[in-house]
There are 2 protein chains.
Amino acid sequence: MDNAAPQSPAGLSTTASWLLNQTASHAGRLLSEGFAAHDLRGYHYRLLATLAEDGPASQADLGRRCGIDRSDVVAAINDLAGRGLVVRAPDPADRRRNVISATDAGADEARRMGATLERVQDDLLAPLSASEREQLTRLLTRLLHHHSRH
Amino acid sequence: MDNAAPQSPAGLSTTASWLLNQTASHAGRLLSEGFAAHDLRGYHYRLLATLAEDGPASQADLGRRCGIDRSDVVAAINDLAGRGLVVRAPDPADRRRNVISATDAGADEARRMGATLERVQDDLLAPLSASEREQLTRLLTRLLHHHSRH
DNA sequence: GAACCAACGTTGGTAGCACCAACGTAACAC
DNA sequence: GTGTTACGTTGGTGCTACCAACGTTGGTTC
């Protein structure tokens, strides 16, 4: 019988990177499961939400804002366009660019996925009080902001 | 011209899952770069550190403790054994099992990688004070602990 | 002790995220 | 005009995290 502890790599379990990795991994799992009901993935939501909130943009711009590589944006936009959630049109002002816009169906889907996202947040942060959630958000935001201006 | 903000997906940037994903992703990048100097990856370190600290164990046990799938343990142990960092021996008491032990070289490598890990932690948590680091650790640990007993 | 089930190691496959190099086209700077 | 930059696109790579299936072995139950 394996009566060993379920999980806890000795010295690792106290390191920030381990904790971040594990919690993010868990959050990702929850999110994937939630998004699977929409038959879409994380990349799709990032793009769709950005389009729905900030309006049309070029693919390169979207990639920059979502932290997604240009080449990965292509595939994701292909998927979204194939479902009529998004429209790809050449930019008349700059023929290198495509202007990507969310359709009405796309905006709807963005809203639905946003609701799923919120549900997942609550699920994820269940054990934390409101002030603790804010604390966590603040700390992570500081980390991210610090490292973003390398 | 793209004078748009460098990164910040509208409503996403305040969600815990997004922040966790991004910070963990960044931590993973730092860690990968650090471990690359040892020509090993995250899986290898998890296993090696667990072996060095907790002593020999079966592959299934290791996988459970490190949160790595049994099938992935096989490949990682193959790598480690191929470099003489680890020894795979049949368990005389249970012929289904292999007993994996860290060699002296493996223990050394675990120490070296541990130092790399520590350096990365400091790098990652640079903008946070000691008490803030503890806060973050505590919050993440609570999240993890809560979700581990689903 | 025979039958059954659970655990082990292993093979081989899948998916998602992240990232990179290279190309042709188009815009911009000089 | 020429050189440089940005754009979209193609076609890769690597790491992490899974899952299904198989043959072998151990333990349990009758």
Side-chain angles (χ1 to χ4, degrees), chain A residues 1-4 7 17-18 20-36 39-47 57-64 66-79 81 88-100, chain B residues 1-4 7 9 17-18 20-36 39-47 57-64 66-79 81 86 88-100:
Chain A
M1 301 297 159
D2 293 318
N3 52 1
Q7 56 192 18
S17 66
W18 170 261
L20 280 170
N21 181 18
Q22 292 299 297
T23 49
S25 176
H26 188 73
R29 211 174 308 131
L30 290 177
L31 215 48
S32 282
E33 288 166 9
F35 285 166
D39 203 30
L40 289 171
R41 288 159 299 144
Y43 275 15
H44 298 127
Y45 177 67
R46 293 195 214 172
L47 294 167
S58 74
Q59 296 181 195
D61 214 26
L62 280 174
R64 250 171 265 128
C66 298
I68 302 179
D69 191 87
R70 303 205 310 272
S71 61
D72 298 320
V73 171
V74 175
I77 293 294
N78 282 346
D79 293 344
R88 185 193 255 126
D91 186 342
D94 185 340
R95 301 214 309 280
R96 292 173 303 179
R97 297 185 183 177
N98 291 332
V99 177
I100 312 296
Chain B
M1 303 300 152
D2 293 318
N3 51 1
Q7 57 191 18
S17 65
W18 170 262
L20 281 170
N21 181 20
Q22 292 299 299
T23 49
S25 177
H26 188 73
R29 210 174 310 130
L30 291 177
L31 215 47
S32 283
E33 288 167 9
F35 285 166
D39 202 31
L40 290 170
R41 289 159 299 144
Y43 275 14
H44 298 128
Y45 177 68
R46 293 197 214 171
L47 295 167
S58 74
Q59 295 181 196
D61 215 25
L62 280 173
R64 250 171 264 129
C66 298
I68 303 179
D69 192 85
R70 303 205 309 273
S71 61
D72 298 321
V73 171
V74 175
I77 293 294
N78 283 345
D79 294 343
V86 132
R88 185 193 257 126
D91 187 341
D94 186 340
R95 301 216 307 280
R96 292 174 302 180
R97 297 185 183 176
N98 291 332
V99 177
I100 311 297

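In what follows, chains carry the letters A, B, and so on, assigned in the order in which the sequence lines appear, proteins first and then strands, with residues in each chain numbered from 1.
One interatomic measurement links the two molecules: CG of B:Asn78 to P of C:dG12, which rounds to 12 Å at whole-angstrom precision. Taking atom CZ of residue B:Arg46 and atom P of nucleotide D:dT16, one finds them 7 Å apart after rounding to whole Å. We find that NE2 of A:His44 is positioned 13 Å from P of C:dA15, with the value rounded to whole Å. Rounded to whole Å, the distance from CD1 on A:Ile68 to P on C:dC19 is 11 Å. Rounded to an integer number of Å, the gap from A:Leu30 CG to C:dG16 P is 17 Å.
Among the nucleotides C:dG16, D:dC7, D:dT25, the one closest to the side chain of A:Ala60 is D:dC7. Comparing D:dG26, C:dA27, D:dT16 against the side chain of B:Asp94 picks out D:dG26 as the nearest. Comparing atom distances between the A:Arg95 side chain and each of C:dA26, D:dC7, C:dA18 picks out C:dA26 as nearest.
Nearest-nucleotide positions on DNA chain D place B:Arg41 closer to the 5' end than the other of B:Asp91 and B:Arg41.
Taking all atoms of both residues into account, the shortest heavy-atom contact from B:Trp18 to A:Arg46 is CZ3-CD, 3.4 Å.
With rounding to the nearest 0.5 angstrom, the CD atom of A:Gln59 is 11.5 Å from the CD1 atom of A:Ile68. Put simply, CD1 on A:Ile100 and CG on A:Asp91 are 10.5 Å apart, with the number rounded to the nearest 0.5 Å.
Phosphate proximity of D:dT9 to A:Asn98: present, with a side-chain N or O under 4.0 Å from OP1 or OP2. In this structure, B:Arg96 does not reach the C:dG9 phosphate: none of its side-chain N or O atoms is under 4.0 Å from OP1 or OP2. For the OP1/OP2 pair of D:dA17 and a distance below 4.0 Å, the side-chain nitrogens and oxygens of A:Asn21 include at least one atom meeting the criterion. Distances shorter than 4.0 Å separate none of the side-chain N or O atoms of B:Arg97 from OP1 or OP2 on C:dT10. Residue A:Gln59 has no polar side-chain atom (N or O) positioned under 4.0 Å from OP1 or OP2 of D:dA6.
Counting non-hydrogen atoms under 4.0 angstrom, A:Gly42 reaches the backbone sugars and phosphates but no base.
Within the 4.5 Å cutoff, no side-chain heavy atoms of A:Arg70 are placed close to those of A:Val74. Side-chain contact between B:Leu62 and B:Ile77: present, with at least one pair of heavy atoms (C-beta onward) separated by less than 4.5 Å. For the pair B:Arg88 and B:Asn78, the minimum side-chain heavy-atom distance is below 4.5 Å.
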What's touching nucleotides 18-21 of chain D from the protein side, N or O pairs under 3.5 Å?
{"residue": "D:dC18", "atom": "OP1", "partner": "A:Arg29", "partner atom": "NE", "Å": "2.7"}
{"residue": "D:dC18", "atom": "OP1", "partner": "A:Arg29", "partner atom": "NH2", "Å": "3.0"}
{"residue": "D:dC18", "atom": "N4", "partner": "B:Asp72", "partner atom": "OD1", "Å": "2.8"}
{"residue": "D:dC18", "atom": "N4", "partner": "B:Asp72", "partner atom": "OD2", "Å": "3.3"}
{"residue": "D:dC19", "atom": "N4", "partner": "B:Asp69", "partner atom": "OD2", "Å": "3.4"}
{"residue": "D:dC19", "atom": "N4", "partner": "B:Ser71", "partner atom": "OG", "Å": "2.5"}

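Of the possible donor and acceptor atoms, none in the side chain of B:Arg97 sits under 3.5 Å from a partner among the backbone N and O of B:Ser58.
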